[in-house]
Amino acid sequence: MPDRVELFLFAGGYVGVNPVETGVANVCLLVNYAQFARAGRTLPGMFAAMAAQNAAFAHRMQGTHLLAETLCTVAAVDTNRPAAPWVEMACLGDTATMIPPLCGDGMAMALRSAELCAPLAHDYLRGACSLSAWRDRYCECWQAEFTGRLRLGRALQRLLNHPPLADALVASGRFVPRLADYVVRTTRGA
Ligand SMILES: Cc1cc2nc3c(=O)[nH]c(=O)nc-3n(C[C@H](O)[C@H](O)[C@H](O)COP(=O)(O)OP(=O)(O)OC[C@H]3O[C@@H](n4cnc5c(N)ncnc54)[C@H](O)[C@@H]3O)c2cc1C
C-alpha cells in the first residue's frame with residue numbers, strides 16, 4: 001500500500017492501516033464491546049464485520065492475510081476517563097488521562113508530559129521548591145499543554161460515533177481541506 005495512514009470508520013469504532021517494514025501493513029482498530037461481541041469476539045470475525053460495513057476497507061484488505069503471531073488485543077480502554085495529572089504523585093503519559101484516539105499522538109504526548117515534569121521533579125529533589133509547588137506547576141503546565149487538544153479530540157470522537165455525522169465531517173474535510181488541516185494541527189497541539 002502507499003506510504004500513508006488510511007482510516008476507515010464503522011459502527012462502534014474505527015480502523016487504521018499503514019505500511020511498516022518488509023511489505024507488511026499494521027492494522028489497528030478500536031471498537032466498543034457491543035460491536036466486538038456481535039462479531040463473535042474474534043479478530044477474524046471483527047475484520048469480516050468491518051469489511052461488510054465499509055467497502056473501501058474491504059477493498060484495502062483484498063488479497064491480504066493476517067500474521068497470526070502478531071495479533072494483540074488490549075481491553076478496558078476508557079476513552080472518557082477524566083484527566084488527573086497528579087494523584088498523590090505526578091502522573092505521566094497515559095496515567096494522567098486516556099488519549100482520545102483522534103489526538104493520534106499518545107506516545108509523543110507521554111514523552112512531552114515527562115519533559116514538562118522532569119525539571120520540576122529536579123527542582124523539588126534539590127530543595128528548590130516544595131512538593132505542592134511541584135504539583136501546582138506541573139498541573140498548570142499539563143493543562144495548558146493538553147486540555148485544548150484533548151477536548152477537541154473527544155468532541156470529534158463523539159461526532160464520529162454517529163455515522164451520518166461522521167460522513168458529513170469527512171465530506172467537509174474533503175471540501176474544505178483547511179478545516180481538516182486545522183483539526184489535525186489542533187489535536188496535535190500546533
Ligand atoms: C489501540 C491503541 C492504539 C494506539 N495508537 C497509537 C498511535 O498510532 N500513535 C500514538 O502515538 N499513540 C497511540 N496510542 C496511544 C499510546 O500507545 C499511548 O498514549 C502511549 O503508549 C502512552 O505511553 P505511556 O508511557 O504513558 O504508557 P505505556 O506505553 O502503556 O507504558 C507503560 C508501561 O508500564 C508498564 N507497567 C504497568 N504497570 C507496571 C508496574 N506495576 N510495574 C512496572 N511496569 C509497569 C506497562 O507494562 C507498560 O510497558 C494507542 C493506544 C491504543 C490503546
Side-chain angles (χ1 to χ4, degrees), residues 1-22 24-37 39 41-47 49-50 54 57 60-61 66-121 135 138-139 141-158 160-161 166 170 180 183-190:
M1 67 175 291
D3 193 12
R4 65 184 183 212
V5 179
E6 295 182 0
L7 279 188
F8 305 91
L9 304 176
F10 55 90
Y14 78 99
V15 56
V17 187
N18 69 288
V20 287
E21 303 81 11
T22 66
V24 175
N26 180 45
V27 183
C28 188
L29 66 114
L30 190 67
V31 60
N32 65 28
Y33 283 113
Q35 296 297 329
F36 191 57
R41 294 184 194 276
T42 66
L43 279 176
M46 195 61 232
F47 272 69
M50 293 185 295
N54 189 315
F57 177 73
R60 168 55 71 210
M61 288 294 116
L66 290 173
L67 299 175
E69 70 278 13
T70 67
L71 296 186
C72 175
T73 58
V74 181
V77 176
D78 178 0
T79 53
N80 287 314
R81 182 161 57 88
W86 190 284
V87 183
E88 294 177 37
M89 63 185 86
C91 298
L92 308 183
D94 279 9
T95 57
T97 190
M98 163 65 202
I99 311 300
L102 290 162
C103 288
D105 224 7
M107 289 182 283
M109 289 167 78
L111 291 169
R112 178 69 183 134
S113 67
E115 201 172 41
L116 293 174
C117 196
L120 302 170
R135 180 197 60 207
Y138 174 58
C139 290
C141 294
W142 193 98
Q143 302 286 1
E145 181 88 21
F146 298 122
T147 301
R149 59 173 122 164
L150 292 169
R151 195 179 294 138
L152 180 61
R154 292 204 175 97
L156 287 170
Q157 189 178 316
R158 274 194 292 277
L160 292 181
N161 279 336
V170 172
V183 167
V184 171
R185 283 178 189 283
T186 310
T187 48
R188 269 74 185 164

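Not measured: the values here are computed from a predicted model. For the numbers below, each heavy atom of this structure counts, side chains included, while hydrogens, waters and symmetry mates do not. Order of listing sets the numbers, starting from 1, for every ligand and every atom in it.
- When the side-chain contact (heavy atoms from CB on, under 4.5 Å) test is applied to Q143, the partners found at least two apart in sequence or on another chain are P85, T147.
- Sorted by chain then number, the residues whose non-hydrogen atoms approach ligand 1 to under 4.0 Å are C28, G93, D94, I99, G104, D105, G106, M107, A110.
- At least one side-chain heavy atom of V15 sits less than 4.5 Å from a side-chain heavy atom of V27.
- Between M98 and D78, every side-chain heavy-atom pair lies at or beyond the 4.5 Å cut-off.
- The closest side-chain heavy-atom distance from F146 to M109 is below 4.5 Å.
- In this pair, F57 and F47 present their aromatic rings tilted. The plane angle is within the 30 to 60° band.
- Under the 3.5 Å distance criterion, the side-chain polar atoms of T187 are matched with a main-chain donor or acceptor of V184.
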